[in-house]
Amino acid sequence: MLISTTTGSWRDRPNKTYVPIIRSIPKFAAAGFDAVDINFCHAIHLHLYENGIEINGDSWMDWVEETKNVLAENHIAANQSHAPFYNVLDHSLTDREFREEMVRRSVIASGKLSVKWVVIHAGTIPDSPSARESLRANIEYFKPHLELAAENGTGIAIENLFDFSSDENSRGARRYTGGLDELLELVDSLARDFPNVGICWDFGHANEMALNQEQALKLVGKRLKALHVNDNNGVLDDHTLPFAGLIDWPRLMKVLKEIGYDGDFTYEIHRFTQRMPEELIDEALRFSVSVARYLVSLAQ
């Protein structure tokens, strides 16, 4: 089981600067990680970065080749990636075409970087009370993306989400795949035609939904292809280090062993380091590797 972390673990710094993915790779390798999760999420947030990032520009394929070289030079793999996310079923968005182009580029880039699984969020039809309606729309949305992923030698892992609870403007709003049955039905429907689809389990999201994660993971079973390992207190999406929240990690790591999970251990703990001074980053990353190796030992 490779130990990996999102490139977001050293990305947004306290002084409001952005650390490019290529710069972060040597730091993660030096900290002891086996692999990195290439985080493309910010590619759609041009308001945050005046000149865009990574896959925004016309020379994005040159960036892919350069990244491939940096990975090889540092003897570290790219095992996973995260495509830009937004409500993909909200057709009122005026820049939807641009967002979809960034999703497309992230899938192609992932394939060329030998990424095994690209994590993508399902969407929710705005103001619709029908989960079945969102199911049908998501099936149609994911089909061309799965075809593109297959053409590029990679797969798509659909992530379990959580219902909005802390945003004052969306309190109580449902999100499709916040419910486990919705996620299983969507993936099973797509798997009839696409063997390169699976599930990415975000432990933090499940904790916010107050799911019994032991039972949930057993139901997910062989559909489980990727992980987002992070902790919280069950209220906000804190994305912090295991044991800093309420999740019972020893129990859940043993469940991964029971269900025969053969994927990687991938952190999504960007808020653990987001406000941390540069003088502490390297030590924090090394400590997170130690925590990961301890947890992985419980799953072996």
Side-chain angles (χ1 to χ4, degrees), residues 1-4 37 80 82 85 116-117 119-124 130-132 134-135 138-139 142 155-166 172-192 195 197-269 291-292 294-300:
M1 189 182 294
L2 297 181
I3 291 174
S4 171
D37 174 350
Q80 203 167 298
H82 201 318
F85 64 89
K116 291 179 288 187
W117 294 100
V119 176
I120 299 184
H121 292 191
T124 305
S130 172
R132 306 296 299 176
S134 286
L135 168 65
N138 273 297
I139 289 172
F142 276 102
I156 290 176
I158 303 174
E159 183 174 358
N160 61 306
L161 300 180
F162 62 96
D163 294 339
F164 290 112
S165 59
S166 58
R174 283 291 339 273
R175 271 205 298 187
Y176 186 74
T177 66
L180 178 59
D181 286 342
E182 296 168 351
L183 179 62
L184 298 182
E185 187 174 19
L186 173 59
V187 170
D188 287 347
S189 298
L190 291 165
R192 297 187 189 109
V197 67
I199 287 174
C200 172
W201 190 255
D202 188 304
F203 293 93
H205 292 175
N207 196 46
E208 288 178 87
M209 291 295 291
L211 293 181
N212 181 322
Q213 297 202 58
E214 183 176 4
Q215 293 181 12
L217 286 168
K218 289 177 180 177
L219 288 171
V220 170
K222 293 298 183 182
R223 304 176 185 88
L224 185 61
K225 304 300 180 182
L227 301 176
H228 279 171
V229 178
N230 62 91
D231 211 336
N232 62 50
N233 289 317
V235 179
L236 299 177
D237 201 20
D238 296 320
H239 283 282
T240 192
L241 197 66
F243 301 110
L246 301 178
I247 295 173
D248 186 344
W249 291 102
R251 184 180 62 144
L252 295 183
M253 295 308 294
K254 291 174 182 175
V255 173
L256 292 180
K257 179 180 180 180
E258 289 176 24
I259 67 174
Y261 174 65
D262 58 1
D264 299 330
F265 179 101
T266 302
Y267 277 134
E268 197 174 54
I269 54 170
V291 173
Y294 168 74
L295 288 174
V296 167
S297 74
L298 302 181
Q300 294 175 337

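Any value given below was found using the heavy atoms of this structure, including those in side chains, with hydrogens, waters and symmetry copies removed. Owing to the predicted nature of the structure, the values given are computational and were not obtained by experimental measurement.
Of the inter-residue distances, the one linking Leu256 atom CG with Lys254 atom NZ reads 12.5 Å to the nearest 0.5 angstrom. Taking OH of Tyr176 as the reference point, atom CG of Asp163 lies at 13.0 Å (rounded to 0.5 Å). To the nearest 0.5 Å, the span separating CG on Leu217 from CD1 on Ile259 amounts to 5.5 Å. For the atom pair CE (Met1) and OG1 (Thr266), the distance works out to 9.5 Å, reported to the nearest 0.5 Å. Taking CG from Asn160 and CD1 from Ile199, the interatomic distance works out to 8.0 Å, rounded to the nearest 0.5 Å. In this structure, Phe203 CZ and Asp248 CG are separated by 11.5 Å, a value rounded to the nearest 0.5 Å.
Residues His239 and Asp237 have side chains in contact (heavy-atom distance under 4.5 Å, counting atoms from C-beta outward). At least one side-chain heavy atom of Tyr267 sits less than 4.5 Å from a side-chain heavy atom of Leu241. Using a 4.5 Å heavy-atom threshold, the side chains of Glu182 and Leu135 count as separate. Side-chain contact between Phe142 and Ile158: present, with at least one pair of heavy atoms (C-beta onward) separated by less than 4.5 Å. Counting heavy atoms from C-beta on, the side chains of Thr240 and Asn232 never come closer than 4.5 Å. Here the side chains of Leu190 and Ile139 are in contact, with some heavy-atom distance below 4.5 Å. Residues Val229 and Ile269 form no side-chain contact, since every pair of their non-hydrogen atoms from C-beta on lies 4.5 Å or further apart. Using a 4.5 Å cut-off on side-chain heavy atoms (C-beta onward), Leu184 and Val220 make contact.
Using a 4.0 Å cut-off between charged side-chain N and carboxylate O, Lys218 and Glu214 make a salt bridge.
Side-chain atoms of Asp231 come within 3.5 Å of backbone N or O of Ile247 as a donor-acceptor pair.
Within a 6.0 Å sphere centred on OH of Tyr294, heavy atoms belonging to other residues, nucleotides or ligands number 12 at most.
The two residues Gly260 and Lys222 come nearest to each other via the heavy atoms O-NZ, 3.5 Å. Residue Arg223 comes nearest to Asp188 through the heavy atom pair NE-OD1, 2.8 Å, listed as atom of the first residue, atom of the second, then distance. Taking each heavy atom of Ala216 and Trp201 in turn, the nearest pair found is CB-CH2, 3.8 Å. Heavy-atom minimum distance, Leu161 versus Ala122: CD1-O, 3.8 Å. When all heavy atoms of Asn233 and Gly245 are compared, the pair lying nearest together is OD1-CA, 3.6 Å. When all heavy atoms of Asp37 and Ser4 are compared, the closest pair comes out as N-OG, 3.4 Å.
Evaluation of the side chain to side chain contact (heavy atoms under 4.5 Å, CB included) rule for Arg192 yields Ser189 as partners, not counting sequence neighbours.
Paired with Asp264 under the rule side chain to side chain donor-acceptor pair (under 3.5 Å), one option of Lys116, Lys225, Gln80 passes, and it is Lys116.
Side-chain N/O atoms of Asp202 and Asn230 include a donor and acceptor closer than 3.5 Å.
Residues His228 and His205 place their aromatic rings such that the two centres sit no closer than 6.0 Å.
Between Phe85 and His82, the two ring planes are tilted [angle within 30° to 60°].
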